[in-house]
Structures are given as structure tokens and as C-alpha cells.
Amino acid sequence: MIGLGKFVTVLAFPLMLSGCVTGAEYASKQAGFASVADKTAIVTTKQTVWIQNQNQARSAAAQVKSLLAQKKTIDVETAVQIALLNNKGLQAAYADLGDSAADAWQSTMFTNPTVAIATTGIGTPELGAFKTIEAMITTNILALATRNRDIAIADTRFRQAQLTAAVRTLQLAADTRRAWIGAVATWETVGQLQRAQAAADAASELAEKLGETGAMTKGAQAREHVFVAELAGETAKARLAARLAKEELTRLMGLWGNDLDYQVPNSLAPLPKAIAGRDAIEAEAIRNRIDLQIAKLELEATARSYGLTEATRHVTDLEILTGFETEREVEDDEKKTRTTAQVELEFAIPIFDSGKARMRKAELAYMRAANQLAEKAVNVRSEARSAYEAYRSHYDIARHYRNNVVPLRSKVEEESLLTYNGMITNTFELLTDTRDKINSILLSVNAKRDFWLAEANLAPAIYGGGASNASAETEVGAASESSGGGGH
């Protein structure tokens with residue numbers, strides 16, 4: 001026998017328990033973002049923000065305007081900072097972190113109980129009647145028993161989401177850096193082609209005058225004219241590639257409207273005098289790669305899920321029902337009230353489903369995560385070695401063109417000009433040497449671009465964020481070999 005007051009106490013008990021764990025660390029609108037900002041700042045030395053209201057949006061927009069106003073010709077560091085402040089895709093990735101925080105917050109709350117109240121009445125006051133009031137509250141006690149494991153799994157997923165947001169930030173920074181390098185390199189190529197165009201125009205005019213005097217055949221004249229025409233076509237293609245490369249950079253920085261009136265430099269920075277050795281680059285990558293940390297957390301989450309599956313293998317739903325039933329009867333003009341407490345337990349009997357299939361799936365999920373982690377560790381080591389090998393080799397190649405090929409071509413052209421002035425060398429040899437020098441300069445520009453791209457890929461190889469693949473580099477290289485640019 002319990003009274004209504006006691007029933008209210010029973011009803012409130014799960015609700016009072018739900019207040020024991022608040023999930024305050026997940027409830028913040030910036031939940032987990034401080035860790036993301038700190039991790040990425042170590043690598044990029046740049047600020048990133050999670051914009052969630054109008055004031056924050058206006059502040060970020062003002063920062064972008066200020067950066068653009070300070071430098072009409074933006075350097076690579078400015079481009080990366082603008083992208084981290086202004087790229088809307090990055091903000092969408094941060095919303096995924098908010099979703100994970102909300103899920104973790106939800107896991108700290110108890111499952112709401114279910115309440116059922118019913119009344120029935122039979123008979124009339126004259127003939128005798130009775131009225132029944134029945135109330136039941138249902139609570140899933142299995143959810144209470146596994147609550148700590150559910151919270152641990154949700155927390156692991158939340159930490160994964162933090163690392164995923166950090167990887168997305170590093171990826172945007174690396175993509176912006178590569179796009180800036182590609183844009184500047186194409187404009188540098190355009191500049192070289194424009195200088196070559198001037199020399200070719202002069203050669204074409206010379207050929208025409210020699211033709212008028214009979215010193216050059218029409219076929220030879222045509223060869224010079226077609227060289228000028230082809231070079232004009234290559235320069236036009238280079239300008240297109242440069243404009244498209246700058247547009248890719250614009251997209252990554254999230255710019256539009258009046259903000260499009262910016263420029264990039266006309267040439268990449270010279271090669272450094274020396275490059276740093278990275279003897280322990282594999283160890284650096286294993287220690288710092290964020291995507292490897294994500295894979296470790298995936299294995300941890302899968303292991304926790306496996307334990308939860310094992311705990312609920314036989315009984316997947318266990319509910320306790322508590323309540324009371326009050327009967328009011330009229331008998332011999334006398335009202336009688338009787339209250340009876342009720343307790344029921346509901347669960348599924350594992351006659352047909354013994355849980356073996358669920359256990360098998362959990363085991364396979366764990367083995368999959370373990371093998372994916374092992375594969376990731378192997379790949380991270382390989383990617384780090386490849387990134388440094390490309391960095392080292394591209395430096396040697398670019399330095400070879402700078403120190404050997406271009407100076408030798410210039411020397412050949414100078415000597416050819418001297419012998420031509422002394423009437424020892426003919427016009428055809430002089431023009432051929434000039435063309436060869438132009439090609440060597442373009443190859444040197446491409447080699448310098450490849451080095452700076454390889455340098456930009458070092459950080460993603462060590463910290464995560466995705467290095468550009470070979471096909472992408474080949475595409476950029478092919479575009480700028482026939483392209484050019486002056487940073488407009």
C-alpha cells in the first residue's frame with residue numbers, strides 16, 4: 001500500500017538522479033574548440049575561430065578586411081590566416097564538433113521514465129459502484145547499468161571530433177599554402193614568357209629584314225614567325241592558368257565581391273641557402289600525426305562498444321515498472337478506498353537470439369579498427385619519408401637549374417651574340433641559343449615551384465592535414481609549364 005505522495009517520490013527519483021551529472025564541459029557552445037585552436041596554432045602559427053553569432057561574424061570579417069587593406073599584394077602567411085578566418089567550409093566542419101559535444105552531453109543524462117495513468121468506473125451510486133485509478137512509471141534499468149560505458153564511448157567520440165576538426169583546419173591551411181604557391185608560380189611563368197615574347201618579336205623582325213635583303217629564305221623566316229605565334233599562344237594559356245590558380249586561392253580564402261581586388265607576388269622567393277635535415281622525421285610523424293591519433297581513438301571507442309555489446313549480449317532491454325492502483329468502492333452506502341503497490345519487471349528471453357551474431361559483429365569491428373590503425377601507422381611513416389625525400393630532391397634539382405643550367409645557357413647566348421657581332425656565327429644559331437635559354441629558365445621556374453610545394457607538404461606529413469597527391473602536382477606542373485603569370 002502506498003499513497004499518492006509516495007508515488008510522486010517514486011516518479012521524481014530518476015529525475016533527481018539525472019541532475020547528478022551535468023555534462024557542463026559538453027554544454028558550452030565552444031565545447032572542445034580551445035583544444036582545436038591550440039593544436040593547430042602550434043603548426044600554423046595562425047588564429048582560427050568558431051563563428052556562432054553575428055558579433056563573432058562581424059569581428060572575423062573586420063579582421064579579414066584589415067588583412068587585405070594592409071597588403072594589396074598578399075603573402076602566403078596572410079593568405080593562410082584569411083582562409084582560417086573566412087572559409088565557410090571550415091565553419092561547417094566545426095559544427096560537426098558541436099554535434100559531437102551535444103551527443104556527449106546527451107549521454108550524461110538519464111533516460112526519461114515513461115508514466116501511464118488510467119481511470120475506470122463501473123456502476124451507479126444507487127446500485128453500488130467502484131472507481132479505479134492506476135498509475136505506472138517505467139524505467140529502463142539496463143540503460144542505468146550501462147550508463148557509464150555509454151558516457152565513455154560518447155566522450156571518446158567527442159575527442160575524435162576534436163581531432164577531426166583540427167585535421168580539417170590543418171588541411172585548409174596546407175591547401176591554401178599550396179594554392180598560393182601555385183598561383184605565384186604561374187604568374188612567374190607568365191612573366192618569363194612575356195620576356196621571351198619580346199625577344200622572339202625582335203628575332204621575327206630581324207628575320208623579316210633579312211628576308212628583304214635576301215639573306216634569309218622564306219622558309220627560315222616562316223620558322224621565326226611561327227615561333228612568335230606559338231609563343232603568343234603559350235603566353236595566353238599561361239595567363240589563363242594563372243587566373244584560374246588565383247581563383248582557386250580566392251575560393252579557399254572565402255573571398256568575393258570587392259575583396260577580389262587583391263594581388264599575389266610576381267615570383268616565388270629564391271631558394272634558401274640550405275635546408276634543414278630531418279633525420280627523425282618518421283618518429284616526428286608517429287608522435288604528432290593527428291589522423292593517427294584519431295585512428296587510436298577509433299580503436300578505443302570500438303573496444304568500449306565491444307565491452308558494451310558483451311554486457312548486453314543476452315538481455316538487450318530490461319525495464320522495471322513501478323506504480324500503484326487505487327480502488328474506490330461504494331458498498332452499503334459506505335465508501336471504501338484500497339491502494340495497492342505494483343512492481344513489474346520486463347525483459348526479453350533470449351530463446352531465439354542468443355547474441356552471438358552481435359558479438360561476432362563487435363569482434364569484426366574491433367579487428368577492422370585494429371588493422372586500420374596498423375595500416376595507418378605504416379602509411380604515416382612512408383608518407384613522412386616520401387615528403388622529406390621530395391623536399392630534399394626538389395631542392396637539389398632546383399639548385400642545379402639555378403646554379404648550372406641557367407648560367408650555362410646564358411653564357412652560351414652571350415658567346416653566340418659575340419660571335420654573331422663578329423660575323424662568325426649566323427643568325428639561326430643565335431636565335432636557337434635564345435630559345436634554348438628561354439626553355440631552361442622556364443624549367444628553372446618549375447623546379448623552384450616544385451621545391452616550395454614539397455616544402456609546403458612537410459607539415460601535413462608530420463602533423464596531418466593531407467599532402468597533395470601526385471596527380472594534383474602533375475596537373476599544376478603541366479599547367480604552369482605552358483602558363484605564366486604576373487600576380488594580378
Side-chain angles (χ1 to χ4, degrees), residues 41-46 71 73-81 170 173-193 195-196 242 245 249 263-285 288 383-414 436-463 465 467-468 470 473 476-477 480-481 484-487:
I42 293 172
V43 183
T44 65
T45 67
K46 301 292 180 294
K71 301 177 181 178
T73 300
I74 63 172
D75 57 28
V76 64
E77 302 303 331
T78 302
V80 171
Q81 181 60 85
L170 295 180
D175 288 345
T176 304
R177 191 174 295 274
R178 287 190 286 260
W180 185 92
I181 292 168
V184 175
T186 52
W187 283 117
E188 185 171 2
T189 304
V190 166
Q192 294 295 342
L193 286 172
R195 285 187 279 276
L249 177 62
Q263 297 179 359
V264 295
N266 287 325
S267 62
L268 291 169
L271 295 176
K273 293 182 179 179
I275 59 175
R278 304 297 280 261
D279 296 333
I281 193 168
E282 286 184 55
E284 281 188 80
N288 296 310
E383 289 167 12
R385 292 194 303 269
S386 296
Y388 183 72
E389 183 64 30
Y391 173 66
R392 173 84 243 182
S393 297
H394 280 305
Y395 178 75
D396 292 338
I397 293 167
R399 189 174 58 173
H400 172 71
Y401 274 100
R402 182 195 65 184
N403 296 345
N404 299 305
V405 177
V406 173
L408 285 173
R409 283 295 180 193
S410 297
K411 186 65 175 177
V412 168
E413 185 189 37
E414 289 172 8
D436 290 341
K437 180 187 175 184
I438 291 169
N439 290 332
S440 295
I441 290 174
L442 292 177
L443 289 173
S444 178
V445 170
N446 292 335
K448 183 171 64 169
R449 175 211 62 212
D450 291 342
F451 164 73
W452 286 116
L453 285 174
E455 195 268 347
N457 287 336
L458 271 182
I462 296 172
Y463 297 98
S468 62
E473 288 186 3
V476 171
S480 47
E481 280 169 13

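All heavy atoms count here, side chains included; hydrogens, waters and symmetry mates do not. Note that the coordinates shown come from a computational prediction; the quantities given were computed from them, not determined experimentally. In this chain, numbering begins with 1 at the start of the sequence shown.
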Considering only heavy atoms from C-beta outward, does the side chain of [X] approach that of [Y] to under 4.5 Å?
X: I181; Y: L268; answer: yes
X: L442; Y: T189; answer: yes
X: E455; Y: H394; answer: no
X: L443; Y: V406; answer: no
X: I74; Y: Q263; answer: no
X: R402; Y: L271; answer: yes

Point to revise | Pair E188 + R449: basic N to acidic O under 4.0 Å | key: no
Exercise for review: Evaluate the side chain to side chain contact (heavy atoms under 4.5 Å, CB included) criterion for residues H400 and V405: first the C-alpha distance (whole Å), next the side-chain angles of each, then the deciding distance (0.1 Å), finally the verdict.
Suggested key: CA-CA 7 Å; H400 172 71; V405 177; 3.6 Å; yes
[X] to [Y] - nearest heavy-atom pair and separation:
X: A459; Y: V43; result: CB-CG1, 4.3 Å
X: A461; Y: A384; result: CB-CA, 4.2 Å
X: P272; Y: I275; result: CG-CG2, 4.1 Å
X: W180; Y: D75; result: NE1-C, 3.5 Å
X: A79; Y: T176; result: O-CG2, 3.6 Å
X: P265; Y: T73; result: N-CG2, 3.5 Å

Exercise for review: Under the ring-ring contact (aromatic ring centres under 6.0 Å, His included) rule, collect the residues that match up with Y401, sequence neighbours excluded.
Suggested key: none
**Study point:** Contacts of type ring-ring contact (aromatic ring centres under 6.0 Å, His included), residue F451, not counting sequence neighbours
**Key:** Y391, Y395
Check your understanding: Going by atom types only, do R178 and N457 share a side-chain donor-acceptor pair under 3.5 Å?
Key -> yes
Review point. Cut-off 3.5 Å, side chains only: do D396 and S393 have a donor facing an acceptor?
Key: no
What distance separates [X] [atom1] from [Y] [atom2], expressed to the nearest 0.5 Å?
X: Q192; Y: N266; atom1: CD; atom2: CG; result: 11.0 Å
X: Y388; Y: E282; atom1: OH; atom2: CD; result: 13.0 Å
X: N439; Y: S444; atom1: CG; atom2: OG; result: 12.5 Å

Review point. Are the side chain of K448 and the backbone N or O of N446 linked by a donor-acceptor pair below 3.5 Å?
Key: no
Exercise for review: Just do the side chain to side chain contact (heavy atoms under 4.5 Å, CB included) check on I281 and L458 with the steps written out, would you?
Suggested key: CA-CA 9 Å; I281 193 168; L458 271 182; 4.0 Å; yes
